[in-house]
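Whatever order the structure lists ligands and atoms in, that order sets their numbers, starting from 1.
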Amino acid sequence: MTDTIFALATAPGRSAVAVLRLSGPGARSVLEAIATAVPRPRRATVRTLRAADGGALDQALVLWFPAPHSYTGEDCAELHVHGGAGVIDAVTAAVLEAGPRLARPGEFTRRAFENGKLGLDQAEAVADLIEAESQAQARQAVHQLRGALGLRYEGWRSALVDALAFLEAAVDFADEDLPTDVAPRAGGPLRHILADLDVALADAARGRQVRDGYRVAIIGAPNSGKSSLFNALVGRDAAIVTPIAGATRDVIEASLTMNDYQVVVADMAGLRDTVEPVEAEGVRRARAWASSADLRLWIVDRSARDGAWRQAAPLAEPGDLCLLNKADLPAGADGEAAARAAGALGAQVLTISLISPGFMSIAEPLASRLARDLAGSEFPAATRVRHERLLRDARGHISRALKGLQEPELAAEDTRLAIRALSRVTGAVGTEDILDRVFASFCIGK
Ligand SMILES: Nc1nc2c(ncn2[C@@H]2O[C@H](COP(=O)(O)OP(=O)(O)OP(=O)(O)O)[C@@H](O)[C@H]2O)c(=O)[nH]1
Ligand SMILES: [Mg+2]
């Protein structure tokens, strides 16, 4: 028997309306205690909420969702009260007195999952939707919440079950006069799914880039203007800018929205060989962050002639943006040398100046780079590392099954393992520890 849980579902603080939620077998008796009677199902009804001593607490909108037609699948109620701390506290006290306990983070959605209202992928989408900062993140999460991701996995799963039927027939009726080519018939569907999974895996990185933010690293020699660029991008003096080389040591991250996408930009230490331990650690962290970033803005002091730009060259990748900065100063030899190296690598080269506003035109190339990398990625088959890992597992098993079709028993076992991996994405097969991990990231009241 489950207990009855209760939580504030809206953000704490002053607001026009606050929503309090209840779920569980005791929801009905709570409404009877504080709202006199239970309203008609799914009809917004105005009621005076009262404390146990009969004192009026608020004039509220009360909603009643009897099981199983509710978010959690249990008896649920919502109280839309005036959003002041005094009202919320008083109503909370009255509700708790009537029996329920406070909900843990994500507990409503966990109950919805356990009662078959949502797949695990959809429960994850609920959390993503609440966390979404950009519209692209929200679109991706809504699509997943509506079941699009689960449907794709279900399609693959059922095609695998078809393939498994051939393999099992070959095992079960090995001694009877079944056509000899029954196991190889599993090959067609298996190859088809394998190709689909390859496409999905290639797209998985983009799904994560939308969900977690597209990571942009600003790299370059000390004093080249990295912090100046960082401040210009984030629109405030977030990092210290000085003429002294080696000013920035820590990796400083900031999140911004660009063309509907969430972008995480990082300023970091200038790359150079140094024996100074703090700076050396900064350089190590900068290299690590930059090499796992989705894009690098490689900034070069075009007026310099000391060759310091070379330190960043090994980190640069095709498609990165190389920015020849300080175009307002007379050109040194470094600008041209760096431009040649970057061009040879397949990086795009732009000349800018961060102190003359007219030269600062990096927003446009950055936006088109984002569009190129992320467009069409809003509905990928994997939006979390968890999905990607399971896709990879399934792919491995299918490819083994394909190689071993002459031994249908082993191929059948591999196919079963692939089915299991895909079923884990929606939680059709799952273990407690995965559930605990997924729901731990939720906020209370959801
Ligand atoms: N003339 C000129 N100076 C610039 C330009 N961009 C940055 N600077 C100056 O160059 C100096 C270094 O700039 P920062 O942005 O601190 O450089 P950094 O790459 O972050 O330096 P470190 O953190 O030490 O690695 C500062 O004095 C800036 O004002 C530019 O386009 N033209
Ligand atoms: Mg700096």
Side-chain angles (χ1 to χ4, degrees), residues 215-256 258 263-293 295-317 320-339 341-342 345 347-366:
R215 290 157 59 87
V216 177
I218 304 177
I219 60 170
N223 219 32
S224 52
K226 297 178 299 301
S227 299
S228 307
L229 175 63
F230 179 76
N231 290 347
L233 286 172
V234 304
R236 63 193 159 90
D237 274 343
I240 298 170
V241 169
T242 72
I244 301 157
T248 310
R249 266 96 189 278
D250 279 318
V251 175
I252 310 171
E253 292 182 21
S255 170
L256 50 131
M258 200 176 255
V263 176
V264 180
V265 197
D267 181 24
M268 44 194 68
L271 302 170
R272 67 173 166 189
D273 293 323
T274 171
V275 288
E276 207 278 301
V278 180
E279 192 181 0
E281 175 60 17
V283 170
R284 190 193 65 74
R285 290 181 188 202
R287 288 210 165 95
W289 209 101
S291 56
S292 70
L295 174 71
R296 281 143 296 274
L297 302 178
W298 173 17
I299 185 153
V300 172
D301 180 348
R302 168 182 173 278
S303 70
R305 47 187 77 248
D306 57 5
W309 62 272
R310 286 178 202 284
Q311 289 265 355
L315 286 171
E317 291 181 18
D320 284 349
L321 295 181
C322 176
L323 308 172
L324 306 179
N325 188 34
K326 309 199 184 179
D328 53 292
L329 297 178
D334 282 4
E336 223 169 281
L345 211 119
Q348 188 184 347
V349 182
L350 297 166
T351 301
I352 62 164
S353 166
L354 289 165
I355 60 163
S356 330
F359 279 105
M360 175 64 196
S361 57
I362 113 121
E364 213 171 288
L366 193 55

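Inter-residue side-chain proximity for Val234 and Asp267 is flagged as unmet; no heavy-atom pair is nearer than 4.5 Å. The shortest side-chain heavy-atom distance between Leu323 and Leu297 falls under the 4.5 Å cut-off. Here the side chains of Ser224 and Asn325 are not in contact, with every heavy-atom distance at 4.5 Å or above. Annotation: side chain of Val263 is not in contact with side chain of Leu366 (no heavy-atom distance under 4.5 Å).
Considering backbone and side-chain N/O of Ala247, one or more are found under 3.5 Å from N/O of ligand 1. Inclusion of Gly225 in the set of residues having an N or O under 3.5 Å from an N or O of ligand 1 is warranted. Residue Ser227 places at least one N or O, backbone or side chain, under 3.5 Å from an N or O of ligand 1. Below 3.5 Å of separation, one finds an N or O of Gly246 facing an N or O of ligand 1.
Note on the Mg ion (ligand 2): protein N/O/S atoms under 2.8 Å are Ser227 OG, Thr248 OG1.
Here the protein heavy atom with the shortest distance to atom 8 (N) of ligand 1 is Lys326 CE, 3.7 Å. For atom 6 (N) of ligand 1, the nearest protein heavy atom (residue, atom name, distance) is Asn325 ND2, 3.1 Å. Val241 CG1, 3.8 Å is the protein heavy atom nearest to atom 29 (O) of ligand 1. Closest to atom 32 (N) of ligand 1, if we only count protein heavy atoms, is Asp328 OD1, 2.8 Å. Nearest protein heavy-atom neighbour of atom 25 (O) of ligand 1: Lys226 NZ, 2.8 Å. Among protein heavy atoms, atom 12 (C) of ligand 1 sits closest to Asn223 OD1, 2.9 Å. Closest to atom 26 (C) of ligand 1 among all protein heavy atoms lies Thr242 O, 3.5 Å.
Comparing heavy-atom distances from atom 13 (O) of ligand 1 across Gly220, Ser353, Ser228, Ser303 singles out Ser228 as nearest. Of the candidates Thr248, Val283, Leu354, it is Leu354 that places a heavy atom closest to atom 31 (O) of ligand 1.
Of all the heavy atoms of Ile244, the ones lying under 4.0 Å from any atom of ligand 1 belong exclusively to the backbone.
Here is the list of ligand 1 atoms found below 4.0 Å of a heavy atom in Ala245: 24 (O).
Contact annotation: Ile218 has no heavy atom less than 4.0 Å from any atom of ligand 1.
Other residues, nucleotides and ligands contribute at most 12 non-hydrogen atoms within 6.0 Å of the CD atom of Glu336.
Here the side chain of Asp320 pairs a donor or acceptor atom with the backbone of Arg296 at under 3.5 angstrom.
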